[in-house]
Amino acid sequence: MEYTAHDESIFVRPAEVGEMELYHPKTWLGKYVFCQDAKVIAIQYAATALAIGLVALVLSWFMRLQLAWPNTFTFIDPAYYLQAVTMHGMIMVVYLLTALFLGGFGNYLIPLMVGARDMVFPWLNMISFWVYFTAVLLLAASFFVGGGSTGAGWTLYPPQAILPGTPGSEAGILLMLASLAVFIIGFTMGGLNYVVTILQARTRGMTLMRMPLTIWGIFTATVLALFAFPALFVSAIMMALDVLLGTSFFMPAIVSMGSEAEHVGGNPLLFQHLFWFFGHPEVYIVALPAFGIVSDLISVHARKNIFGYRMMVWAIVIIGALSFVVWAHHMYVSGMNPYFGFFFATTTLIIAIPTALKVYNWVLTLWQGNIHLTTPMLFSIAFLLFFVNGGMTGLFLGNSTVSMPLSDTLFVVAHFHMVMAVAPVMVVCGAIYHWYPKISGRWYHEGMAKFHFWTTFVGSYLVFLPMHYLGIMGVPRRYFEITGTTFLPESAHAVNASITIAALVVGFAQLVFLWNLIWSAFKGEKAPGNPWNATTLEWQTEHTPPEHGNFGKELPCVYRWAYDYSVPGHEEDFIPQNVPPRSVTA
Amino acid sequence: MSTGTGIFSETPWIADTGPVAPALSGAEIALKSRRSALKMLLSVVSVFFLLMIVAYGGRMLYQDWRPTPQINLLWANTGVLLLSSLCLQFALMGARAGRILWVRNGLVAAGILTVLFLVGQWTAWQQLTTLVLGDFSNPSVGFFFMITGVHGLHMAGGMLALVRATKRAFQPGDTHKMEANISNCALYWHYLLGVWLLVFGLLFSGNNFEILLRICGVI
């Protein structure tokens, strides 16, 4: 088969290509620091997110060391333990995963995949990153202030979050709230950019229903985030005012440390509603980009068109919409009208339908595909396993009667790490390996990548599968130590120790991963422009890595969807999106 | 195009067999993008204010609710904000009709009135602080400061765009080219006026407890 990649003469009238004026940096600072190229901003986002994520990883090691061998490590006291729990959770959910999926992958992939030169507001995009960076600095600063960072748990529930006795109840909590508010401002700038770029800067022929599922996932997650983050913003402002001005939004009349606090009549449940109105969509803000990306990874590496594309699109949109009406399933133990409980349990279980539909479609895409067990594909398959596992335990917890006894146990920790931590991280890793040759122009080291995969895959199972059983046995979460309890057999402690060993090994594998990325950027073998024979536009650029402006003199024109793999009657097993029909010959 | 062009009817797995629709030109993309981004931003801001109003309504249900003392200055501030919004509409009409004086006067007047509104709100804050003797523990007082503060910050942020549009209006040029910027400013002002009328009418202009309960679906 022969392709004529830009055969404009047949169908397309020339000189009607939408163009935008590009920013041309004049200084080193303008090119590498305050750069307005979305691809550079993407790398800045990713590097910052991975750096602060590394801090959260180390915090998880401290937690695990304490749980496995209580009181062996003298620097871990109860306050420090709670601070580690809190900061690990918040960093991983907001500052790593959200920033990496939307700021990192969003910035790199949106303009390239929709056929645009750049984001529509490049300056705002640059500012968005630096605001995010400031938020990370504020968060990191809380480690060093008097009293340390907040130890209120990542949900920051009042009244305990701001009462004396909780670690970091002075400067720590304020820095956390300030950091979150700044993060949300930065995200809103970026989010508006992503949405408007997708809606208005797509190249010719790139209809909404021809967009790769990666873009659908990022788009829907961005819309979700734009509408969910205001709830966190409002609650952060209200809690900050409770601390600073002595208002009583969330603080009831309360006796604290033997004396009456100045607050009267605040409502702590109001915070929980606001927090989870953000918190549950947040799960999907992380999950939906992962759903989109993994769909593309599976299709490319199984050399098959995605099964049920339109269903996949609508499933993403429906999951996004439903995620706004399930928030109170996080509050079953807080107490609520039983009818509300019934409503939220029902909506929660309904989400399983479009989600299961996606899982079936991924499996059916793999079915009889020409599966290449590349590193991205291995991570994609691992995602499926972790996601199905975590999804099944979600059915337990979505049901209010089953959820109540399990709510404060390690079962919940195991569930959400399976579904919301490990599963998306599998996609993050798979996606980085998949697009690494395009981003860096070089191949990653295959041996290190395979070591990274198998250690992470097996190790993560060894961490989180046994944790479910500990939860069912009644091992509580958030506890500094569980020694001296009569209801737990010695084997529970042995399992805890084995989980810690597995966690340390998995953590080490992530260091190998990061080293691979750095080493390969300089020493890796040169990669061709389209090493996976993929169809989407980012692989059709003139240069690898793509230059500022992404495409050559003319923007590509799209004639087909992103999934023309193994099309019957064609020699090669892929047809890029920008290949006109008459240029495709058998 | 592939069979069917709507988002529901399109069959994306069928490749094009005819000409591909032309794209927008670069200038059109820029103009449409700004308008779309503004509309998206206003949707996000709507969620933000809605959540605060719902939180306020939810808190009102408790028996110990004590409403905010009435501040009559807010009526005057509302009038000033209404006038500033009208002035921007006047400037927009001028831009459309090609009358530069209308544009300049409208923009300058809108700016002055907005500053006046912000000063008025600040004065209302001082009055309330005096009335409650600096005790902010009453939730309705806390809500008053938060909601008016956030609204004021949005107005102040809008001033940046308004100053830019005004500077542009005092440079020589075709008024039609100024229309997009002025139209965006006007939309923002009208929107924030709407938010203020809602917030003021519902929460701070008297006892509208029953109306709020109806909105929150309680009665």
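Convention: sequence-line order gives letters A, B, ...; per-chain numbering from 1. These numbers come from the heavy atoms of this one structure, side chains and all, not from hydrogens, waters or symmetry mates.
Side-chain atoms of B/S183 and B/R96 form no donor-acceptor pair, as typed in the model, at a separation below 3.5 Å. Donor-acceptor pairing under 3.5 Å is lacking for the side chains of A/N361 and A/Y309. A/W216 and A/S295 share no side-chain donor-acceptor pair at under 3.5 Å.
For A/L226, the parts lying under 4.5 angstrom from a heavy atom of chain B are both the backbone and the side chain. Looking at A/V234, both its backbone and its side chain come within 4.5 Å of chain B, counting heavy atoms on both sides. For A/L124, no part lies near chain B; criterion is any non-hydrogen pair under 4.5 Å. With a 4.5 angstrom heavy-atom cutoff, B/S46 does not touch chain A via any of its atoms. Looking at B/F145, there are no atoms closer than 4.5 Å to chain A (heavy atoms on both sides), in backbone or side chain.
Comparing A/W314, A/F277, A/F229 by how many heavy-atom pairs each has under 4.5 Å with chain B, the most go to A/W314. With respect to chain A, the highest number of heavy-atom pairs below 4.5 Å among B/S43, B/S137, B/A37, B/G142 belongs to B/S137. The most heavy-atom pairs under 4.5 Å with chain B, out of A/L192, A/D564, A/T188, A/I237, come from A/L192.
Shown here is A/R310, whose CZ atom has more than 12 heavy atoms of other residues, nucleotides or ligands within 6.0 Å. Within 6.0 Å of the CZ atom in A/F340, the count of heavy atoms belonging to other residues, nucleotides or ligands does not exceed 12.
For an aromatic pair to be called close, the ring centres must be under 6.0 Å apart, and B/H154 with B/Y191 fails this.
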